[in-house]
Each structure stands twice: as structure tokens, then as C-alpha cells.
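As the structure is a computational prediction, the values presented were derived from the model and not from experiment.
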Amino acid sequence: MRQKKDIDEALREQISASQLDGNKEVHFRIDDDDAVSSKFIERLRHIFTRYDLAEGTVICFHRGFRSFIHNGVAKQSGHHNPYHAQGLAFVVGEKLQVLPFKMQHGNAGRRRPSYVDPSFLSFNYLLHAANTRKGYNATTEEQIEILRSASSTHANRILKQDDRLMAGLPIDPAIEKKFNDAGFGYTSEEFRARLERTLEPHILAEEYGFL
């Protein structure tokens, strides 16, 4: 039997089977280096049932947070990014099925009707160079260097847009309160501490019993 390595192809049969009852569903994608609020599914279900959204409708929660490391220090800021993979969902059914990892989120707002809700802070996006194709095939050692330095261009741009970060704070206090209330399971301070620990992956690997 041919082994299926592509996650979308592996999921295609299950996704198709889930539509056989004729009911609509809402599908979304979450990458392993990002996070959504613990309230995300509840919010999706509420909107979907209240407005009876048609197949093909995009649900877009385009406000959240962005986390990154700059000069060895974890920092966070508010983030607004319409139709990005985080905070995005599709209403699917018998006539329309969207594979989560091939959703072409950049084009969704140009081609599909949308329900857009700016009031819900839905996601935490982790900025690092390895979440672009530049770091996909890097070795562990190379990825460590990427995490430390290669996102500096983006990080410096973020800092220039935020006076509190430019002044040396890891996060604007007002943004920190919003993060703490958003339902990620960690406070901003706890999350930033965990993020900084990723700079020492060998220590983490030993703690988790991988070495």
C-alpha cells in the first residue's frame, strides 16, 4: 500500500466522508507554531448557527497577537492580518470542500463571501524565519540561528510601529491585558518565558526525554 505523506491527501477521504449526511460544517487550520483562543470553536459555532452561513462562506477573525524574539528577548504586539491562515475558517458541505492546508487563504477574500468579525482576538501568530520556506529544510543548528537572527528585519519593523516596544518593554501593558483575557491558557508573561526557552532546544529535548 502506498503511504500517504501529504496531510491534505491523507485527510481528503475523512473530509469527504463527513459531508455524506448533507450537513454543513466549519473547517479551519491551525499550525503547530501558532495558537487560537480556547474560545475560538465556541465563537465559530455561534456565528455559524446564528446566521446559517452558506457553503463557501469565509469566516474571518482578523485580529490577534504576534509573538517573536528580538535579541534573545521574547516580545509581543497586537496584530491585524485579514484573510491570513490564523483566525480563518470555511463553511463546507457536499458542493464545496476545502482542504485545510490548501485553503489559499491569501485569495479567499477576493473570491468568496465573508463574515468578518474584528471584535474577537482569535489568534497568536509566532513570527520566525522558519515559518517561511527559507527555513523548511534547515538543520536543527541552522533553525536555532534562524530563530535567533533571521527574523530581525520583520522584528525591527514591528518595533518601529510600537513605541512601548521601542522603549524596551516586551509588550504594551494594554496589549498584555488583552492577551491575558483572550483565552490562550497562558498569561503573556508565561508565554514569553516559554518562547525564550526555545532558544535552547537541546535542553528542552533532554527535559522531555528525547535525548
Next item on the list: Using a 4.5 Å cut-off on heavy atoms from C-beta on, say whether the side chain of Val58 contacts that of Leu88.
Entry: yes

Notebook entry, point to check: Would you call the rings of Phe68 and His70 parallel, tilted or perpendicular if under 30° counts as parallel and over 60° as perpendicular?
Noted result: perpendicular

Check: Can any side-chain N or O of Ser67 pair as donor or acceptor with the backbone N or O of Phe65 at less than 3.5 Å?
Finding: no

Note to self: Parallel, tilted or perpendicular, judged at 30° and 60°: which one describes the rings of Tyr51 and Tyr115?
What the structure shows: tilted

Next item on the list: Just say parallel, tilted or perpendicular for the rings of Phe184 and Phe179, cut-offs at 30° and 60°.
Entry: parallel

Next item on the list: Applying side chain to side chain donor-acceptor pair (under 3.5 Å), run through His62 and His84 and close with a yes or a no.
Entry: CA-CA 7 Å; His62 56 87; His84 202 248; over 6 Å; no

Checklist line | Salt-bridge present (Asp117, Arg43; N to O < 4.0 Å) | finding: yes

Margin query: Pair Val73, Glu196 - check side chain to side chain contact (heavy atoms under 4.5 Å, CB included), show working.
Written below: CA-CA 7 Å; Val73 178; Glu196 288 178 6; 3.8 Å; yes

Check: Which heavy-atom pair separates Arg164 from Pro173 by the least distance, and what is that distance?
Finding: NH1-CD, 3.2 Å

Next item on the list: Answer yes if Ile30 and Phe120 sit in the same cluster of Ile, Leu, Val, Met, Phe, Trp and Tyr residues linked by side chain heavy atoms under 4.5 Å apart, and no otherwise.
Entry: yes

Notebook entry, point to check: Between Arg194 and Glu189, is there a side-chain N and carboxylate O pair less than 4.0 Å apart?
Noted result: no

Notebook entry, point to check: Leu204 and Thr198: which non-hydrogen atoms are nearest, and at how many Å?
Noted result: CD1-CA, 3.9 Å

Next item on the list: Before accepting this row, confirm whether a basic side-chain N of the pair Arg192/Glu176 lies closer than 4.0 Å to the acidic partner's carboxylate O.
Entry: yes

Note to self: Using every non-hydrogen atom in the two residues, find where Gly78 and Arg66 come nearest and quote the distance to one decimal.
What the structure shows: O-NH2, 4.1 Å

Next item on the list: Kindly check if the number of other-residue, nucleotide or ligand heavy atoms within 6.0 Å of CD (Glu42) is above 12?
Entry: no

Note to self: Once rounded to the nearest 0.5 Å, what's the spacing between atom CD of Gln86 and atom CG of Asp34?
What the structure shows: 4.0 Å

Next item on the list: Answer with yes or no whether the side chains of Glu200 and His202 bring together a donor and an acceptor at under 3.5 Å.
Entry: no

Next item on the list: Check Leu165 against Leu159 and note the closest heavy-atom contact, atom names and distance.
Entry: CB-CD2, 3.5 Å

Next item on the list: Using the rule that two of Ile, Leu, Val, Met, Phe, Trp, Tyr join whenever any of their side-chain heavy atoms come within less than 4.5 Å, decide whether Leu127 and Leu169 are in one cluster.
Entry: no

Next item on the list: For residues Phe40 and Phe123, establish whether the separation of their ring centroids is below 6.0 Å.
Entry: no

Checklist line | Nearest non-hydrogen partners of Ala182 and Ser37, listed with the distance | finding: O-OG, 2.6 Å

Next item on the list: Take the angle between the ring planes of His79 and Tyr125 and call it parallel below 30°, perpendicular above 60°, tilted in between.
Entry: parallel

Note to self: Working to the nearest 0.5 angstrom, can you tell me the gap between Ser77 OG and Ile175 CD1?
What the structure shows: 7.5 Å

Check: Hey, does the side chain of Arg63 reach the backbone of Pro118 with a donor-acceptor pair shorter than 3.5 angstrom?
Finding: yes

Next item on the list: Mind listing the closest non-hydrogen atom pair of Leu53 and Val91 along with its distance?
Entry: O-CG1, 3.7 Å

